[in-house]
J.: 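Next up is a structure, given as C-alpha cells.
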Amino acid sequence: MKQATHHYLIFETAAGFCGLAWSDVGVTRFQLPTSSAEATERLLLRRIPGAEPTAPPPAVTEAVAAVKRYFHGEPTDFSAIKLDLTGQDAFFKQIYDAARQVGWGHTTTYGALAKQLGAGPEAARDVGQAMAKNPVALIIPCHRVLAAGNKIGGFSAPGGSSSKQKMLELEGVSLAPPKPAQQSLDL
C-alpha cells in the first residue's frame, strides 16, 4: 500500500505560530501555537517526517481561518473540518467523535465521555490516553475534556496544562474556585 503524502502549512495566529498537516483525505495533524515558525515546524515534522510544505487547498484554507478566529477569541466550531485519522485505534476514533461534540465554552470529563460511549468508569483512563495522543488538538477539542471534579488534568501540548487553562479562559470557562459571596470583617 502506498504511503499517503502529507502536506503542511505553518501560519501565525494571535497566540503564536500553528501548523496544520493534511492528506488527500483530510487534516492529519495540528500543532498548537509556539513562539516561532521554526519551533512549530520542528514539532509538526517530528510527527510526520517527509511532509512537504504546500499551498493549502480551499478546505485547509478554511481550517486555518477558523484557527485564527479561535485564537482571536471568536466562538469557533471545528466540527465540519474533515479529518484523516488513518491508523488511529477504533475506540480512540469513537472518543474523538464524542469529544468533537463538546462545543465552545463547554467542558466534559474523561469519565463522562467514557459513560457517553457506553463504557464503564474504567474507560476514563482510555479517554485520557486518547486525549494525550490526539493528533489534531483544538480541532478535536481535548482541552475541553477535564479530569474528575472538573480539575484541569494533563495537556501534552507546548505549555502543558497552563496552555489548556488559557484556551478554556479564551472560551470564557473559569476553573478557579468561586469567590466567596461574603467577606468577613476584621473587627
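When a residue number appears, it is its place in the shown sequence, counting from 1.
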J.: Would you say the side-chain atoms of R100 pair up with the backbone N or O of F78, donor to acceptor, closer than 3.5 Å?
T.: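 Confirmed, R100 side chain pairs with F78 backbone.
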
J.: To the closest 0.5 Å, what do you measure between OG (S163) and CG (L32)?
T.: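 Output value for this atom pair is 7.5 Å.
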
J.: Starting at CG of L44, measure out to CZ of F30 and round the result to the nearest 0.5 Å.
T.: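 Rounded to the nearest 0.5 Å, the CG-CZ separation comes out at 9.5 Å.
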
J.: OG of S23 to NE2 of H7: how many Å apart, nearest 0.5 Å?
T.: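 Those atoms lie 8.0 Å apart.
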
J.: Is there a donor-acceptor pair closer than 3.5 Å between any side-chain N or O of K82 and the backbone N or O of V27?
T.: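 The answer is no, because no donor-acceptor pair under 3.5 Å joins these two groups.
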
J.: Please report the closest heavy-atom contact between L146 and I152, naming both atoms and the distance.
T.: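 Reported closest heavy-atom pair: CD2-O, 4.0 Å.
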
J.: For L45, what residues pass the side-chain contact (heavy atoms from CB on, under 4.5 Å) criterion, not counting sequence neighbours?
T.: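 Only Y8, E41, A51 meet the side-chain contact (heavy atoms from CB on, under 4.5 Å) criterion with L45.
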
J.: Give me the atom names and distance for the closest heavy-atom approach of G120 to A114.
T.: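 What the structure gives for the nearest pair is O-CB, 4.0 Å.
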
J.: Is there a donor-acceptor contact under 3.5 Å linking the side chains of E171 and H106?
T.: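 Checked: E171/H106 side chains show no N/O donor-acceptor pair below 3.5 Å.
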
J.: If you measure from CE on M131 to OH on Y96, what distance do you get to the nearest 0.5 Å?
T.: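 With rounding to 0.5 Å, CE (M131) is 6.0 Å from OH (Y96).
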
J.: Roughly how far apart are T28 OG1 and L85 CG, rounded to 0.5 Å?
T.: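 So the OG1 of T28 and the CG of L85 are separated by 9.0 Å.
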
J.: In sequence, state the C-alpha distance, the side-chain angles, and the governing distance for R125 and Y110, and then conclude on side chain to side chain contact (heavy atoms under 4.5 Å, CB included).
T.: CA-CA 7 Å; R125 180 166 288 154; Y110 303 123; over 6 Å; no

J.: Given M167 and L138, is the side chain to side chain contact (heavy atoms under 4.5 Å, CB included) satisfied, shown in steps?
T.: CA-CA 9 Å; M167 290 169 73; L138 182 62; 3.7 Å; yes

J.: Quick one: pull up NZ in K164 and CD in E169 and give me the separation to the nearest 0.5 Å.
T.: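 Rounded to the nearest 0.5 Å, the NZ-CD separation comes out at 13.0 Å.
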
J.: Does the pair R29 and L20 meet the rule for a side chain to side chain contact (heavy atoms under 4.5 Å, CB included), with working shown?
T.: CA-CA 6 Å; R29 290 273 173 195; L20 195 99; over 6 Å; no

J.: Tell me whether K166 at atom NZ has more than 12 heavy atoms from other residues, nucleotides or ligands lying less than 6.0 Å away.
T.: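 No.
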
J.: Apply the test side chain to side chain contact (heavy atoms under 4.5 Å, CB included) to residues V25 and T86: give CA-CA distance (whole Å), side-chain angles for both, the deciding distance (0.1 Å), then the verdict.
T.: CA-CA 9 Å; V25 175; T86 302; 5.6 Å; no

J.: Counting N and O atoms only, with roles assigned by atom type, does the side chain of T54 sit under 3.5 Å from a partner on the main chain of E52, one being a donor and the other an acceptor?
T.: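 Yes, the answer is positive, given that a donor and an acceptor are paired below the 3.5 Å cut-off.
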
J.: Taking all heavy atoms of A15 and all of F71, pick out the closest pair and write down the distance.
T.: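 Between these two residues, the closest heavy atoms are CB-CD2, 3.4 Å.
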
J.: Would you find a donor on one side and an acceptor on the other, under 3.5 Å apart, between the side chain of D84 and the backbone of W22?
T.: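 Such a contact is absent between D84 side chain and W22 backbone.
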
J.: Do F17 and Y70 sit in the same hydrophobic cluster, where Ile, Leu, Val, Met, Phe, Trp and Tyr count as joined when their side-chain heavy atoms come under 4.5 Å apart?
T.: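 No; tracing contacts between hydrophobic side chains, which count when under 4.5 Å, never links both residues.
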
J.: Mind checking what makes side-chain contact (heavy atoms from CB on, under 4.5 Å) contact with T108, not counting sequence neighbours?
T.: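 Here the qualifying residues are V102, A112, L113, V145.
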
